[in-house]
J.: 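Have a look at this one.
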Amino acid sequence: MSPHLEPVTPANIDAALDLSVHPHQKDNVAPVVRSLAEAYAHGETAWPRLIVDGDELVGFLMAFVDIQWNPEKDPDDRRSGLWRLNIGAEHQGKGYGRFAVEAVREELRRRGATELYVSWHDGEHGPGGFYRGLGFRETGELAGDQIVGVLDIA
């Protein structure tokens, strides 16, 4: 089997809501329930998907598409990227995170984006090393208290 993405549906929402990362990662990524509430509130600019391998739910991702990044500073600065990535604790280290980033990359490329943004909490259990290992470079910006990274996808 190989991983693929599926939309969140009434048939799989309970499994999505039960998805949990390692306990030491809970401060680094919001739970799926918060992401789905934000997806509802943000409408078409949010792209939530489940990561499934065979019949097994292994993770959740949510991309953001063509949002105003900092409207007060520059209303014309629109960006797309990876908003959330939750890989189930028992499924980490198996390539699903890499698959998720590549799936978002392909979706954003299909939509005409040339860059993929992500932000992360720095720290011992933060995902900075993971993102840097995939080629993201730090922009020098902060999104709240998170480091912002970008990957060229054109």
Side-chain angles (χ1 to χ4, degrees), residues 2-17 19-21 25-53 57-88 91-92 95-123 126-154:
S2 62
H4 62 279
L5 299 182
E6 293 183 3
V8 180
T9 67
N12 62 27
I13 193 167
D14 287 335
L17 295 174
L19 186 73
S20 184
V21 297
Q25 296 170 326
K26 291 187 185 279
D27 290 337
N28 294 326
V29 64
V32 173
V33 66
R34 180 180 176 106
S35 296
L36 291 177
E38 289 172 335
Y40 176 81
H42 288 274
E44 295 300 313
T45 62
W47 191 69
R49 293 293 183 269
L50 301 179
I51 306 163
V52 177
D53 196 352
L57 174 66
V58 299
F60 171 85
L61 67 81
M62 185 163 70
F64 58 92
V65 181
D66 198 34
I67 64 162
Q68 283 186 304
W69 185 255
N70 188 345
E72 297 81 29
K73 182 178 176 185
D74 181 357
D76 296 325
D77 183 8
R78 302 188 76 82
R79 301 183 187 184
S80 299
L82 181 61
W83 192 347
R84 295 276 160 64
L85 179 56
N86 305 59
I87 303 297
H91 300 292
Q92 292 184 13
Y96 296 121
R98 181 178 293 274
F99 164 80
V101 171
E102 188 58 33
V104 170
R105 181 182 191 167
E106 289 305 314
E107 178 64 19
L108 295 181
R109 182 183 290 136
R110 185 186 71 74
R111 293 176 183 234
T114 59
E115 296 175 314
L116 187 162
Y117 285 85
V118 69
S119 63
W120 64 83
H121 289 284
D122 202 16
F130 168 74
Y131 289 122
R132 286 184 205 96
L134 293 177
F136 283 88
R137 65 186 187 285
E138 293 181 28
T139 65
E141 301 169 287
L142 292 176
D145 64 347
Q146 296 185 15
I147 295 169
V148 176
V150 65
L151 179 69
D152 294 324
I153 62 172

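The analysis underlying the following values was restricted to heavy atoms, covering all of them including side chains, and did not include hydrogens, waters or symmetry mates. Here the structure is a predicted model, which means the values were calculated and not measured.
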J.: To the nearest 0.5 Å, how far apart are CG in Asn70 and CZ in Arg79?
T.: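 Result: 8.5 Å between the selected atoms.
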J.: Would you mind reporting whether Leu151 and Arg105 have side-chain heavy atoms less than 4.5 Å apart?
T.: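 Result yes, sub-4.5 Å side-chain heavy-atom pair found.
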J.: Please assess Val65 against Arg111 for the test side chain to side chain contact (heavy atoms under 4.5 Å, CB included), listing each intermediate value before the final yes or no.
T.: CA-CA 9 Å; Val65 181; Arg111 293 176 183 234; 3.5 Å; yes
J.: What closest approach, in Å, do Gly149 and Phe136 show between heavy atoms, and which atom pair accounts for it?
T.: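 Nearest pair, atom of Gly149 first, then Phe136: C-CD2, 3.9 Å.
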J.: What distance do Arg49 atom CZ and Glu6 atom CD have between them, rounded to the nearest 0.5 Å?
T.: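 The CZ atom of Arg49 sits 10.5 Å away from the CD atom of Glu6.
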J.: Taking all non-hydrogen atoms of both residues into account, name the closest pair between Ala39 and Met62 and its distance.
T.: CB-SD, 3.5 Å
J.: Does the side chain of Asn12 reach to within under 4.5 Å of the side chain of Leu57, using non-hydrogen atoms?
T.: no
J.: One pair to check against side chain to side chain contact (heavy atoms under 4.5 Å, CB included): Val118 and Val101. What are the steps and the verdict?
T.: CA-CA 10 Å; Val118 69; Val101 171; over 6 Å; no
J.: Take atom CZ of Arg34 as the centre, draw a 6.0 Å sphere, and report whether it contains more than 12 heavy atoms from other residues, nucleotides or ligands.
T.: no
J.: What are the two closest non-hydrogen atoms of Ser119 and Gln146, and how far apart are they?
T.: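 Smallest interatomic distance, heavy atoms only, reads OG-OE1, 2.6 Å.
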J.: Got more than 12 heavy atoms from elsewhere within 6.0 Å of CZ, Arg109?
T.: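 Result for CZ/Arg109: enclosed.
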J.: Answer yes or no: is there a side-chain heavy-atom contact under 4.5 Å between Leu5 and Val52?
T.: no
J.: Excluding sequence neighbours, so at least two apart, what forms salt bridge (charged side-chain N to carboxylate O under 4.0 Å, His left out) with Asp122?
T.: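 Listed in chain order: nothing, the list is empty.
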J.: Quick one, Lys26 and Pro31 - any side-chain contact, counting heavy atoms below 4.5 Å?
T.: no
J.: Find the distance between CD (Glu107) and CG (Leu116) and round it off to the nearest 0.5 Å.
T.: 11.0 Å
J.: Can you say whether the rings of Tyr117 and Trp69 are parallel (under 30°), tilted (30 to 60°) or perpendicular (over 60°)?
T.: tilted
J.: Using the rule given for salt bridge (charged side-chain N to carboxylate O under 4.0 Å, His left out), can you reason through Glu106 versus Arg110, listing the C-alpha separation, both sets of side-chain angles and the distance that settles it, and then say yes or no?
T.: CA-CA 6 Å; Glu106 289 305 314; Arg110 185 186 71 74; over 6 Å; no
J.: Could you state the interatomic distance from OG (Ser2) to CG (Asp53), rounded to the nearest 0.5 Å?
T.: 7.0 Å
J.: Is the backbone of Ala30 close enough, under 3.5 Å, to the side chain of Asn86 for a donor and an acceptor to pair up by distance?
T.: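 Confirmed, Asn86 side chain pairs with Ala30 backbone.
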J.: Please examine the side chains of Leu108 and Trp47, heavy atoms only from C-beta on, and report whether any two atoms are closer than 4.5 Å.
T.: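 No, every pair of side-chain atoms sits at 4.5 Å or beyond.
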J.: Apply side chain to side chain contact (heavy atoms under 4.5 Å, CB included) to the pair Val8 and Leu50, showing each step before the final yes or no.
T.: CA-CA 6 Å; Val8 180; Leu50 301 179; 3.9 Å; yes
J.: How long is the straight-line distance from CD1 of Ile87 back to CG of Leu19, given to the nearest 0.5 Å?
T.: 8.0 Å
J.: Does Ile51 reach the side chain of Leu61, with side-chain heavy atoms less than 4.5 Å apart?
T.: yes
J.: Measuring from atom CG of Asp66 to atom OG1 of Thr45, what distance do you get when rounded to the nearest 0.5 angstrom?
T.: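 Asp66 CG to Thr45 OG1: 9.0 Å, rounded to 0.5 Å.
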J.: Compute the centroid of each ring, for Phe130 and then for Trp120, and state whether the two points are separated by less than 6.0 Å.
T.: no
J.: Does Arg84 pair with Glu38 as a salt bridge, N-O distance under 4.0 Å?
T.: yes
J.: Do the side chains of Phe60 and Leu17 get nearer than 4.5 Å, heavy atoms only?
T.: no
J.: Contact between Arg137 and Asp152 at the side-chain level, heavy atoms closer than 4.5 Å - yes or no?
T.: yes
